[in-house]
There are 2 protein chains.
Amino acid sequence: MKRAHPYDREKALDAAQDLFWRKGYHATSLKDLEAALAMKPGSIYAAFKSKEALYLASLERYFLSGRHALREQMAGAGTVLGGLADHLRSHGNMTGETSDGRACMIVKTLLDTTDDDGAVSDRARAYFEAMRDEFARFFRKARDNGELPPDADPDRLARRYQANITALRVEAHLGGDPAGVKDLAASMARDVENLQVGGGTHQH
Amino acid sequence: MKRAHPYDREKALDAAQDLFWRKGYHATSLKDLEAALAMKPGSIYAAFKSKEALYLASLERYFLSGRHALREQMAGAGTVLGGLADHLRSHGNMTGETSDGRACMIVKTLLDTTDDDGAVSDRARAYFEAMRDEFARFFRKARDNGELPPDADPDRLARRYQANITALRVEAHLGGDPAGVKDLAASMARDVENLQVGGGTHQH
DNA sequence: CTCACATTTGAGTGATCGCTCAAGTAATCT
DNA sequence: AGATTACTTGAGCGATCACTCAAATGTGAG
């Protein structure tokens with residue numbers, strides 16, 4: 001090997017992810033990417049084959065880091081349901097003008113692609129379902145360790161949980177009312193905790 | 001006036017709305033619109049000033065018809081909470097390959113525009129909040145007529161309700177599992193009904 | 001140093017973008 | 001009828017799109 005990559009691949013991917021996440025696939029132009037990555041078109045195409053491939057790489061990165069964050073948070077949680085509830089609350093506090101205050105990149109991708117966008121649409125769908133499986137895994141664990149009643153349906157709960165996360169991120173995307181978003185997250189988190197056997201039905 | 005409009009404005013708007021809704025603002029080209037509306041570029045610009053203006057007109061149409069449908073459904077409902085619950089269930093049954101099985105156009109617009117998309121982004125946000133107000137109005141009504149306890153917070157409930165609708169439409173957008181979506185809607189609807197005073201906490 | 005090659009460069013590709021407007025067509029007037 | 005006006009037409013505008021490639025540049029080996 002003659003020369004180490006003089007561009008920082010991680011840094012470039014990070015910038016690409018941020019830009020794609022913010023502007024979306026179709027609204028992001030090569031010009032935008034050239035500026036964000038500080039790379040000329042030729043370099044971009046040498047490093048990442050195409051705009052689509054770069055988007056796929058960015059999306060994968062987003063998915064992996066999101067899943068990692070979830071697993072980390074769950075690993076440090078006292079109870080499974082408590083961890084899931086706290087995860088919702090965490091999302092409720094991500095409301096800034098930074099990347100925190102944005103809708104989920106996977107959902108954004110799902111909504112602005114169609115079948116004729118090729119692999120992008122398919123992969124977004126796959127990641128979305130992978131996250132759902134991830135949630136289901138935790139709910140199953142909660143059922144198996146007695147936090148949830150034996151007849152609880154982990155898949156159903158996971159779908160509902162994911163729906164809450166999705167909507168929460170959309171609300172955060174609006175950015176106008178951080179307190180309202182936090183409140184919404186708290187309300188969702190409480191519902192998760194109330195699933196616990198013997199965890200009475202506290203309202204408000 | 002010399003000549004009646006030989007193009008059908010309603011029909012054209014309808015086609016534009018359908019196309020924009022499906023493909024999104026940025027991914028829809030003038031070529032696409034020419035085909036969908038069966039109009040040449042000149043006619044399109046004579047009738048609707050610009051692509052952006054046409055999108056705004058389509059979005060307004062979408063908003064008005066959605067709000068109208070909600071009001072109709074609520075007008076025919078026995079109780080306010082029952083009507084809201086049924087509205088969720090209706091969304092749960094919209095899962096086809098047609099326009100039924102799509103995410104909310106307002107949310108789609110919110111997610112694939114930024115501030116530099118000008119009026120489009122602002123209007124989408126306004127419509128989203130108008131729908132929330134609409135829901136809040138119904139929850140307030142439910143509180144005032146005794147369906148909800150006097151200390152219920154209509155704005156908070158509206159936000160939560162809208163979050164459910166949003167997420168439900170995203171799920172329907174995936175299209176893979178109609179039964180799962182219907183089930184999700186049923187679960188959300190039950191939660192709304194359980195808000196009723198004396199309406200015990202039925203699980204499952 | 002010189003050579004060999006990996007990597008970067010950026011002007012330039014054809015295609016498509018949103019959009020315009022002079023010319024053409026059809027309907028309604030006198 | 002001819003004149004007038006309302007509307008449609010579609011070739012084509014400059015700008016931008018995603019992308020390419022021959023030339024320039026930087027690096028490690030001998």
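We name chains A, B, ... by the order of the sequence lines, and we start the count at 1 in each one.
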*Does CG in B:D115 sit with more than 12 non-hydrogen atoms of other residues, nucleotides or ligands closer than 6.0 Å?*
no
Contacts of [X] that satisfy ring pair (Phe, Tyr, Trp, His ring centres under 6.0 Å) - sequence neighbours left out:
| X | result |
| --- | --- |
| A:F138 | none |
| B:F20 | B:Y55 |
| B:F139 | B:Y161 |
| A:Y45 | none |

*Sequence neighbours left out, what pairs pass ring pair (Phe, Tyr, Trp, His ring centres under 6.0 Å) with at least one residue falling in residues 99-132 of chain B?*
B:F63-B:Y127
*What pairs meet the ring pair (Phe, Tyr, Trp, His ring centres under 6.0 Å) rule with one or both residues in residues 66-88 of chain B, with sequence neighbours excluded?*
B:H87-B:H91
*Within residues 111-123 of chain A: residues closer than 4.0 Å to DNA chain C (heavy atoms)*: none
*Set of residues satisfying side chain to side chain donor-acceptor pair (under 3.5 Å) with respect to A:D14, sequence neighbours excluded*: A:R61
Just the rounded figure in Å: distance from [atom2] of [N] to [atom1] of [X].
| X | N | atom1 | atom2 | result |
| --- | --- | --- | --- | --- |
| B:M39 | C:dC19 | CE | P | 14 Å |
| B:K40 | C:dC19 | NZ | C1' | 16 Å |
| A:I44 | C:dT7 | CD1 | P | 17 Å |
| A:L33 | D:dT16 | CG | P | 17 Å |
| B:F48 | D:dC7 | CZ | P | 13 Å |

Between the protein and nucleotides 11-17 of chain C, which nitrogen or oxygen pairs are less than 3.5 angstrom apart?
| from | atom 1 | to | atom 2 | distance (Å) |
| --- | --- | --- | --- | --- |
| C:dC17 | OP1 | B:S29 | OG | 3.4 |

*Looking at residues at least two apart in the chain, or sitting in another chain, which of them share a salt bridge (Lys or Arg N to Asp or Glu O under 4.0 Å) with A:D32?*
A:K23
*With A:R140, which residues qualify under salt bridge (Lys or Arg N to Asp or Glu O under 4.0 Å), at least two apart?*
A:D155
*Phosphate OP1/OP2 of D:dC19: any A:Y45 side-chain N/O under 4.0 Å*: yes
*asked:* Looking only at side-chain N and O atoms, does A:S187 offer a donor or acceptor that is under 3.5 Å from a partner on B:R160?
replied: yes
*Could you identify which residues of residues 14-23 of chain A place a heavy atom less than 4.0 Å from some atom of DNA chain D, listed by residue number, or say none?*
none
